[in-house]
Amino acid sequence: METIASPSSFSSSTSLSTVIRRRRCSSRVSILPDRTSSPSALRSNFPSSLCCRASMSNSTRTSETEIKESYPEVFNDSEEFNDSEEFNDYEEFSMMSLSHLDELYTPKIKNLCPLLSEYGLIWFRIMVEVKWLLKLSEIPEVEEVPQFSEDARSFLKSIIDKFSIKDSLEVKKIEETTNHDVKAVEYFLKQKCELCPEVAKVKEFFHFACTSEDINNLAYAIPLKEALNTVIFPVMVELSQAISTLAKNNAHIPMLSRTNGQPASPTTMGKEMSVFAFRLWNMGKLFSGLHILGKFAGAVGNYNAHKVAYPNVNWPSIAEEFVTSLGIQFNAYVTQIESHDCIVCLVQAIIEFNNILIDFDRVILSYISLGYFKQITKSADVGSSTMPLKVNPIDFAKSEGDLCLVNADLSEIAMKLSISRMQRDLSDSTVLRNLGVVLGRSLLSYLNALQGIQKFQVNEFRLNEDLEHSWWEVLAEPIRITMRSYGMPEPYEQLDDITQRITVTKESIIELIDGLDLPEKAKSDLLDLTPSSYTGEAEALAKSLEDATVDLLNGFKIS
């Protein structure tokens, strides 16, 4: 799988996902790191210190002074905020956020922050730059960068492992001068390496023969893959499993179908849930067939500068080794950018998964409105601000609303990323920066749908009432089919005429069957039918869902 430096030797391999997990945020949310702790204490709380700006600390409260120092652009121009004594903690400061992901719902999406935040992007750029320098030291023809000693390798490893919020802010400060984000990372690394004479001698080989996109495409690809495999896909699987459980537990419960909004042949609640579970699982199989590609071929994809500097090195082979060592598949045919087609395919698969979930949300909302589901609330929950009898299905409504916004953004991302003028334009840069937002909103939608499922139960009484007391006319279909099987003329027209002239009840159906010119056995079978028993193979289909989705856990994964 992916490789990253081990504690003992930076060239050794351990799982990148293991390193990411070490950098997971705690369950307590704060907008700033705990500044009362020393750097070593901070690192002990967070083994590798990978935290986003909305970072995790042991306290949820942040002082007014800390906020003002960290966000002078907000407070220096506002006399009201400067004079406020109450504006002294995260909860109040979060009210200034422009995105609900960054305030109300941070606890739900916090696991994405170390991967897809600005902090995460800087960290992965640092990692790629450092590992490229190490790779250069392993190429015999590049004599100017000799093999590093263990001390030098440990020093380079520490730049990654001990990278902190303070370091990321230093990079951003350099960027204010350079007006170039990747160049700021290069200058930061050169400054850092002044502390290690062995590395300082070759510091100009940071970013050697690279274009910024060599660094950026990998700094996006690696965390995108990890975010999907370790955060997004597990929730997709959990959601699919929750719907599968609904299908299994309610396989036997009959329910009136509705086609075009009108009563139709009965089904079971479990079978209808199994349709959604299978559709979502099927999308999981698509994800498992996708790959994320990376490039490392210089300014326009031809290794121009590489070839001039070291003509005897097989640079395409070196680039492939380097990219695949990071757990990303190599793309040899590129311009200045990796063409993003793989990300487009991934985005389109997410759109379709989301579309299926939107359909599910809307169906559940319809069933709730029909009384087919009861919603379970906590004692303090308020179902409606004015009508105590109501419990608004807020979880599914929020899931649907967010997914509609997400899919609009994802569609634009998919259309844009496929297009780049000539060898490269910069319009993809700002688009890629929104991946964290759309994935965060998707994750929130999945969690809301999950929460909604956990808060309702099937109302069997209402389902039975609908079938047995209101819709006996659904039995016109099996009566017509039986009439046709025995050669009776124009069964459809006869049944249509009869059902249009009378109010269809249990008694009228019995009277209708008794009056048909059918064998007694056929009449007896029809008389045994009720709307609740006329469900065909629905129960069996729902119960066999596990056989159809046996590979669910292996589906949702980018290899």
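Residue numbers run from 1 in the order of the sequence given.
Applying the ring pair (Phe, Tyr, Trp, His ring centres under 6.0 Å) test to Phe330 and every residue at least two apart in sequence or in another chain returns nothing. Take Gln336 and apply the side-chain contact (heavy atoms from CB on, under 4.5 Å) test, not counting sequence neighbours, and it matches Thr211, Glu213, Arg424. Checked against side-chain hydrogen bond (donor to acceptor under 3.5 Å, both in side chains), Glu141 has no partners two or more places apart in sequence or in another chain. Judged as a salt bridge (Lys or Arg N to Asp or Glu O under 4.0 Å), and not counting sequence neighbours, Lys398 has no contacts. Applying the side-chain contact (heavy atoms from CB on, under 4.5 Å) test to Leu365 and every residue at least two apart in sequence or in another chain returns Pro393, Phe396, Glu400. Residues passing the side-chain contact (heavy atoms from CB on, under 4.5 Å) test with Lys248, sequence neighbours excluded: Glu546. Considering only residues two or more places apart in sequence or on other chains, Gln348 meets the side-chain hydrogen bond (donor to acceptor under 3.5 Å, both in side chains) condition with none of them. For Lys416, the side-chain contact (heavy atoms from CB on, under 4.5 Å) partners at least two apart in sequence or on another chain are Asp425, Ser427, Val431. Considering only residues two or more places apart in sequence or on other chains, Glu194 meets the side-chain hydrogen bond (donor to acceptor under 3.5 Å, both in side chains) condition with Lys203. Residues that satisfy the side-chain hydrogen bond (donor to acceptor under 3.5 Å, both in side chains) test with Ser399, not counting sequence neighbours, are Asp361.
You'll find the side chain of Lys295 stays beyond 4.5 Å of the side chain of Val323, heavy atoms only. Side-chain contact check for Val185 versus His207: every heavy-atom pair is 4.5 Å or farther apart. Between Asn217 and Ile337, every side-chain heavy-atom pair lies at or beyond the 4.5 Å cut-off. The shortest side-chain heavy-atom distance between Cys193 and Phe155 falls under the 4.5 Å cut-off. For the pair Phe322/Leu218, a side-chain contact is recorded, criterion being any heavy-atom separation below 4.5 Å from C-beta on. In this structure, Leu357 and Leu239 have side chains that are in contact, with non-hydrogen atoms separated by less than 4.5 Å. The side-chain heavy atoms of Phe296 and Ile215, taken from C-beta on, include a pair separated by under 4.5 Å. Looking only at side-chain heavy atoms (C-beta outward), Phe208 and Lys135 stay at 4.5 Å or farther from each other.
Without hydrogens or angle criteria, Asn407 side chain to Ile351 main chain gives a donor-acceptor distance under 3.5 Å. Using a distance-only test at 3.5 Å, with no hydrogens or angles considered, a donor-acceptor pair links the side chain of His340 to the main chain of Glu338. Without hydrogens or angle criteria, Asp359 side chain to Asn355 main chain gives no donor-acceptor distance under 3.5 Å. Listed for the Trp132 side chain is no donor-acceptor partner under 3.5 Å among the backbone atoms of Phe206. Side chain of Thr335 to backbone of Gln423: a donor-acceptor contact under 3.5 angstrom is found.
Ring geometry for Phe188 versus Phe163: interplanar angle over 60°, hence perpendicular rather than tilted (30 to 60°). Aromatic ring pairs are classed by plane angle as parallel below 30°, tilted from 30° to 60° and perpendicular above 60°; the pair His306 and Trp315 is perpendicular.
A distance of 6.0 Å separates CG of Leu435 from CD1 of Ile343, quoted to the nearest 0.5 Å. Distance check, rounded to the nearest 0.5 Å: CG of Leu293 to OG of Ser339 gives 9.0 Å. For the atom pair CG (Leu112) and CG (Leu228), the distance works out to 9.0 Å, reported to the nearest 0.5 Å. Put simply, CD on Glu170 and CD1 on Ile122 are 11.0 Å apart, with the number rounded to the nearest 0.5 Å. In this structure, Ser418 OG and Asp428 CG are separated by 11.0 Å, a value rounded to the nearest 0.5 Å. How far CZ of Phe556 is from NZ of Lys285: 11.0 Å, rounded to the nearest 0.5 Å.
What you find for Asp167 and Lys162 is that their closest heavy atoms are OD2-O, 3.6 Å. When every heavy atom of Lys557 is checked against every heavy atom of Asn229, the shortest pair comes out as CA-OD1, 3.4 Å. Nearest heavy-atom pair, Ala219 versus Val128, reported as atom, atom and distance to 0.1 Å: N-CG2, 4.4 Å. Listed here is the closest heavy atom pair of Ser240 and Ala277: O-CB, 4.2 Å. Summarising the geometry of Ala242 relative to Leu450, their closest heavy-atom pair is CB-CD2, 3.7 Å, with the distance given to 0.1 Å. Of all the heavy atoms in Ile356 and Met283, the pair that sits closest is CD1-CG, 3.6 Å.
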Using the rule given for side chain to side chain contact (heavy atoms under 4.5 Å, CB included), can you reason through Tyr303 versus Ile318, listing the C-alpha separation, both sets of side-chain angles and the distance that settles it, and then say yes or no?
CA-CA 11 Å; Tyr303 308 94; Ile318 292 293; over 6 Å; no
Using side chain to side chain contact (heavy atoms under 4.5 Å, CB included), reason through Lys271 and Ser274 one step at a time and then give a plain yes or no.
CA-CA 5 Å; Lys271 186 266 176 177; Ser274 69; 4.2 Å; yes
Check against side chain to side chain contact (heavy atoms under 4.5 Å, CB included), Ser168 and Tyr119:
CA-CA 6 Å; Ser168 67; Tyr119 181 93; 3.3 Å; yes
Take Tyr220 and Phe124 through the test ring-ring contact (aromatic ring centres under 6.0 Å, His included) and record every step on the way to the result.
CA-CA 8 Å; Tyr220 278 113; Phe124 281 103; 9.9 Å; no
Hey, mind stepping through Leu346 and Leu224 against side chain to side chain contact (heavy atoms under 4.5 Å, CB included) and telling me if it holds?
CA-CA 10 Å; Leu346 174 63; Leu224 176 59; 4.1 Å; yes
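The existence of a salt bridge linking Glu176 and Lys172 is excluded, since no basic side-chain nitrogen approaches an acidic carboxylate oxygen closer than 4.0 Å. Residues Glu186 and Lys183 are paired through a salt bridge, judged by an N-O separation under 4.0 Å between the basic side chain and the carboxylate.
Note on residues 167-187: no pairs pass ring pair (Phe, Tyr, Trp, His ring centres under 6.0 Å), not counting sequence neighbours.
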Please tabulate, one pair per line, all N/O donor-acceptor pairs under 3.5 Å involving side-chain atoms of residues 437-448, not counting sequence neighbours.
| residue | atom | partner | partner atom | Å |
| --- | --- | --- | --- | --- |
| Arg441 | NH1 | Asp402 | OD1 | 2.9 |
| Ser442 | OG | Val438 | O | 3.0 |
| Ser445 | OG | Arg441 | O | 2.9 |
| Tyr446 | OH | Asn354 | OD1 | 2.6 |
| Asn448 | OD1 | Lys108 | NZ | 3.3 |
| Asn448 | ND2 | Leu444 | O | 3.3 |

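Counting heavy atoms of neighbouring residues, nucleotides and ligands inside a 6.0 Å radius, atom NZ of Lys192 does not exceed 12 of them.
Side chain to side chain, His291 and Gln329 meet the donor-acceptor criterion of an N or O pair below 3.5 Å.
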